Amino acid sequence: MIHVTDDPIAERLYGDRYKTIKRYVDILATRGVEWGLIGPREVDRLWERHILNSAALESLIPQGSRVADVGSGAGLPGIPLAILRPDLDMTLIEPMLRRSNFLTEAVDELGLGDRVTVVRDRAETAGISVDVVVSRAVAKLATLVGWTANLFETTGCLLALKGQSADDEVAEARKELSKRHFSAEVLLVRADPSSEVTRAVRVRRAGTA
Ligand SMILES: C[S@@+](CC[C@H](N)C(=O)[O-])C[C@H]1O[C@@H](n2cnc3c(N)ncnc32)[C@H](O)[C@@H]1O
C-alpha cells in the first residue's frame with residue numbers, strides 16, 4: 001500500500017482527526033486510483049488540491065447542519081468536511097454504482113457510518129431536505145441550481161466550489177437564479193491562512209440573512 005507523505009497544514013487543521021483524514025488520503029491514493037476515481041497524477045497533490053480545497057468550505061457551514069454533497073465522486077468535498085466537522089450530518093449523493101460502492105466502503109473504513117450516509121441517486125430525484133448543499137466539479141452553476149433547489153429548503157443554501165470560473169458562472173446563471181428568487185455571491189475561502197485561496201459561490205433565497 002502507498003503511504004502518502006504527511007501534510008503540516010492538514011495536520012494543524014485536523015488536529016486529533018488527522019489520523020482519519022490521512023487514512024482517507026491513503027484510500028484515495030490506492031483504491032481510488034485502482035478503481036479509476038482518481039488520476040494517478042493526482043496522488044502527489046491530494047492534500048492541497050483535494051483535501052484542503054474541500055475543507056475551504058468549512059467556515060461557511062453553520063454548526064450542526066444537515067449537509068448533502070451532490071455528485072460526491074470519491075467523496076469530495078463531503079468526506080474531508082465530515083471528518084473536520086463532527087457536528088455535521090452528511091449525505092453523499094452519487095448516482096454511479098462504482099463510485100457509490102467506493103463511498104460506502106470508505107465511510108465504513110473511516111468509522112463515519114453514524115453520521116455519513118451514502119445515497120445512490122441523482123440530485124434531482126434524491127428527495128431529501130438539508131440545510132446546506134455542497135458540490136464540486138459536477139455541473140455549471142445554472143444547471144446545479146436547477147438540480148439542487150429542492151434539497152436546500154427555504155432557509156438553506158448551496159455552496160459550490162468553483163475556482164476561477166465563479167464570476168462567469170454566476171453571470172451565466174442570472175436567469176435561473178432570478179426565476180427562483182435566489183441570490184448568489186462569490187466568496188474567497190481557504191482552509192488555513194497558509195493554504196491556497198479558492199472561490200465558492202453561495203446561493204440562497206433572496207432576502208435570507
Ligand atoms: C467530475 S466528478 C466530481 C466528483 C467530486 N465532486 C470531486 O470534486 O472530485 C462529477 C460527479 O458528479 C456525478 N453526477 C453527475 N450528474 C449528477 C446528478 N445529476 N446528481 C448527482 N451527481 C451527479 C457524477 O457521477 C460524478 O461522480
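Positions are given from 1, in the same order as the sequence printed here. Because the structure is predicted, anything quoted here is derived from the model rather than measured.
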Evaluate the side-chain proximity of [Y] to [X]: yes if any heavy-atom separation is below 4.5 Å, no if none is.
X: Asn101; Y: Arg98; answer: no
X: Arg17; Y: Pro86; answer: yes
X: Ile38; Y: Leu28; answer: yes
X: Thr91; Y: Asp69; answer: no
X: Cys157; Y: Val133; answer: no

Does the distance from a Lys or Arg side-chain N to an Asp or Glu carboxylate O, for [X] and [Y], drop under 4.0 Å?
X: Glu11; Y: Lys22; answer: no
X: Arg45; Y: Glu42; answer: yes
X: Lys140; Y: Glu176; answer: no
X: Arg85; Y: Glu58; answer: yes

- [ ] May I ask you to decide if the ring planes of Phe102 and Trp35 are parallel, tilted or perpendicular, using 30° and 60° as cut-offs?
- [x] perpendicular
- [ ] Please check if any side-chain donor atom of Arg136 sits under 3.5 Å from a side-chain acceptor atom of Asn53, or the reverse.
- [x] yes
- [ ] Measure the CG-OG1 distance between Leu57 and Thr198 for me, rounded to the nearest 0.5 Å.
- [x] 8.5 Å
Open item on the list: Within this structure, what is the CE-OG1 distance for the pair Met90 and Thr117, rounded to the nearest 0.5 Å?
Closed with: 10.5 Å
- [ ] List, by chain and number, the other hydrophobic cluster members for Leu188, where Ile, Leu, Val, Met, Phe, Trp and Tyr join if side-chain heavy atoms come within less than 4.5 Å, directly or indirectly.
- [x] Val197
Tell me if the [atom1] atom of [X] is crowded by more than 12 foreign heavy atoms within 6.0 Å.
X: Arg174; atom1: CZ; result: no
X: Asn150; atom1: CG; result: no
X: Glu196; atom1: CD; result: no

- [ ] List the steps and the verdict of side chain to side chain donor-acceptor pair (under 3.5 Å) for Tyr18 and Asp7.
- [x] CA-CA 10 Å; Tyr18 180 71; Asp7 182 85; over 6 Å; no
TODO: Please confirm whether Phe152 and Trp147 have ring centers closer than 6.0 angstrom.
DONE: no
Task: side chain to side chain donor-acceptor pair (under 3.5 Å) partners for Asp131, two or more places apart - done: Arg66
